[in-house]
Amino acid sequence: MNSGDLAWVLISAVLVWIMTPGLALFYGGLGERRNLLHTMFIPIMIIGIASIIWFAVGYTLSFGGSGDVIGNFKHLLLTDVSFTHSTKNLSIPDGAFALFQGMFPIITAAIITGSVIGRVRIKALLVFIALWLIFIYSPLAHMVWGGGFLAQLGAIDFAGGTVVHISSGVTGLVLALMIGHRHIDKHIPVRPSYVLIGGALLWVGWFGFNSGSALAANGTAVLALVNTWLASAASVLTWGGVEYKYHGRATLSGITSGGVAGLVAITPAAGFVAPWAAVVMGLLAGVIGFAGITFVKNSFGYDDTLDAFGIHGIGGAVGAILTGVFADKNVGGVAGLVNGDVSLVGKQFIAIIFTVIFAAIGTFVLAKITEIIAAPLRLTADEEAEGYDAIMHDLTIE
């Protein structure tokens, strides 16, 4: 065991944890006034739900055993998970690995809520999230990071392009389509300052999210952090430029969202590409992210409330493809198109398509089950108009 590696992974785990309260503020600032407290309440509830599910069954289903699709029950309740040594050829104990990985399902589930917040019934949403973490997130984590089918295929995902971003974005879109449009279309964001503070917490946390995924304090961790820094910075510039061109102004909420778009895109590639490629990916992410929440959304007419699909679903897919393009054997040990190996692009494409289909079908089925065992997904028109802050939190906005 290496104390430096262990210290970095523990710090990174804390950084990933802080992303969810950050997302609560970020979403709260982007959302509607009548649901401000509720929008921030839900991600904090998810910290509780996702953490206990990970402890009970999530870790063992994700990283127990060697099945193609799902793990086994060897580590239920973290049974036989050592806090002093590694069984995974790492320089950190298995307990530290379980801790770090346990932060990812929390933020993944919280991202989903952005697509439907304010028009979905809280009881149904929380039941759905619990089922989704067990039956969608855990199998995907196993297939990508636990030696399952997608790992065997040769697809790569350094820190969660498919497992976190595509899965959550697609899930949010399917739920939004099932629930339908908001009854009140007028959307007035609360405060850009909330977006900035929440976005800054996300941004800082993301350095641990990506760099910590090296699972050691080594050169790969440095590369991942540098790439995360550069991609997000580049994305701020292009998002701001495109927003100014089409709207005549660049906004604080917009360029902060641009930073998040760059973070999403670089996530699957952070430890596999050279810094120049990270800049290119960030520049593209700013343009594509802006297009995703405007032109794509408007063209297809779906109501993705806070653009979870536009930024995370589309951005995650773009990042996964570009990982196949820019993966550089000389810096990350995996050859992509830049090294003349076009096959990686094909493998990435297969992983994306599989993740989209798996998450979409699974979400539809679990949503229907949720409505049977818990409650209807959709709030009534009157409840939606009143807002959850008044219904649940006893706060009336004048």
Side-chain angles (χ1 to χ4, degrees), residues 62 66-70 108 136-137 139-171 173-174 210 213-214 220 223-224 227-228 231 235 261-285 287-289 291-292 296 309-363:
S62 299
S66 57
D68 290 339
V69 176
I70 194 71
T108 306
I136 304 296
Y137 181 88
L140 280 175
H142 181 79
M143 285 186 275
V144 174
W145 295 325
F149 143 66
L150 292 176
Q152 296 167 24
L153 172 69
I156 57 175
D157 184 356
F158 189 76
T162 50
V163 180
V164 175
H165 297 295
I166 297 176
S167 69
S168 61
V170 169
T171 297
L173 175 63
V174 172
N210 287 352
S213 292
T220 301
L223 175 68
N227 286 340
T228 304
S235 188
L263 293 165
V264 170
I266 197 61
T267 292
F272 297 123
V273 304
W276 69 265
V279 172
V280 174
M281 291 178 69
L283 293 172
L284 292 172
V287 176
I288 294 169
V296 175
F309 175 71
I311 292 180
H312 296 274
I314 295 175
V318 169
I321 287 291
L322 292 178
T323 301
V325 174
F326 293 120
D328 190 336
K329 190 173 183 179
N330 296 320
V331 296
V334 181
L337 187 60
V338 295
N339 294 136
D341 187 358
V342 70
S343 67
L344 183 60
V345 176
K347 294 171 184 176
Q348 295 296 98
F349 184 75
I350 293 171
I352 292 168
I353 296 301
F354 176 85
T355 302
V356 168
I357 294 173
F358 183 75
I361 295 176
T363 295

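Index from 1, following the sequence.
Listed here is the closest heavy atom pair of Ser167 and Thr108: OG-CG2, 3.9 Å. Residues Pro275 and Leu223 approach most closely at CD-CD1, 4.1 Å, considering heavy atoms. Heavy atoms only, all atoms of each residue included: Ala155 and Ala351 are closest at CB-CB, 3.7 Å. Ser213 and Ala159 get closest at one heavy-atom pair: OG-CB, 3.4 Å. Minimum interatomic distance between Ser235 and Ala285 (heavy atoms only, all atoms of both residues): OG-C, 3.8 Å. For the pair Ala327 and Val273, the tightest heavy-atom approach, listed with the atom from each and the gap, is N-CG1, 3.9 Å.
By the 4.5 Å heavy-atom criterion applied to side chains, Gln348 and Ile156 are counted as neighbours. Side-chain contact between Thr162 and Leu150: absent, with no pair of heavy atoms (C-beta onward) separated by less than 4.5 Å. With contacts defined as side-chain heavy-atom distances shorter than 4.5 Å, the pair Phe158/Thr267 does not qualify. Here the side chains of Leu140 and Ser62 are not in contact, with every heavy-atom distance at 4.5 Å or above.
The CD1 atom of Ile70 sits 7.5 Å away from the CE atom of Met143 when rounded to the nearest 0.5 Å. To the nearest 0.5 angstrom, Phe272 atom CZ is 12.0 Å from Asp328 atom CG. Atoms CD1 and CG, from Ile266 and Leu322 in turn, are 9.0 Å apart once rounded to the nearest 0.5 Å. The OG1 atom of Thr363 sits 5.5 Å away from the CD1 atom of Ile136 when rounded to the nearest 0.5 Å. Summarising the geometry, atom CG belonging to Asn210 is positioned 12.5 Å from atom OG1 belonging to Thr220; distances are rounded to the nearest 0.5 Å. Rounding to the nearest 0.5 Å gives a distance of 14.0 Å between CD1 of Ile314 and NE2 of His165.
With Ile353 as the partner, the side chain to side chain contact (heavy atoms under 4.5 Å, CB included) test is satisfied by one option alone out of Thr355, Ile350, Ile357, Val356: Ile357.
The local environment of CZ in Phe149 is crowded, with over 12 non-hydrogen atoms from other residues, nucleotides or ligands closer than 6.0 Å.
At least one donor-acceptor pair under 3.5 Å links the side chain of Trp145 to the backbone N or O of Asp157.
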Would you check, one step at a time, whether the test side-chain contact (heavy atoms from CB on, under 4.5 Å) holds for Leu344 with Leu337? CA-CA 7 Å; Leu344 183 60; Leu337 187 60; over 6 Å; no
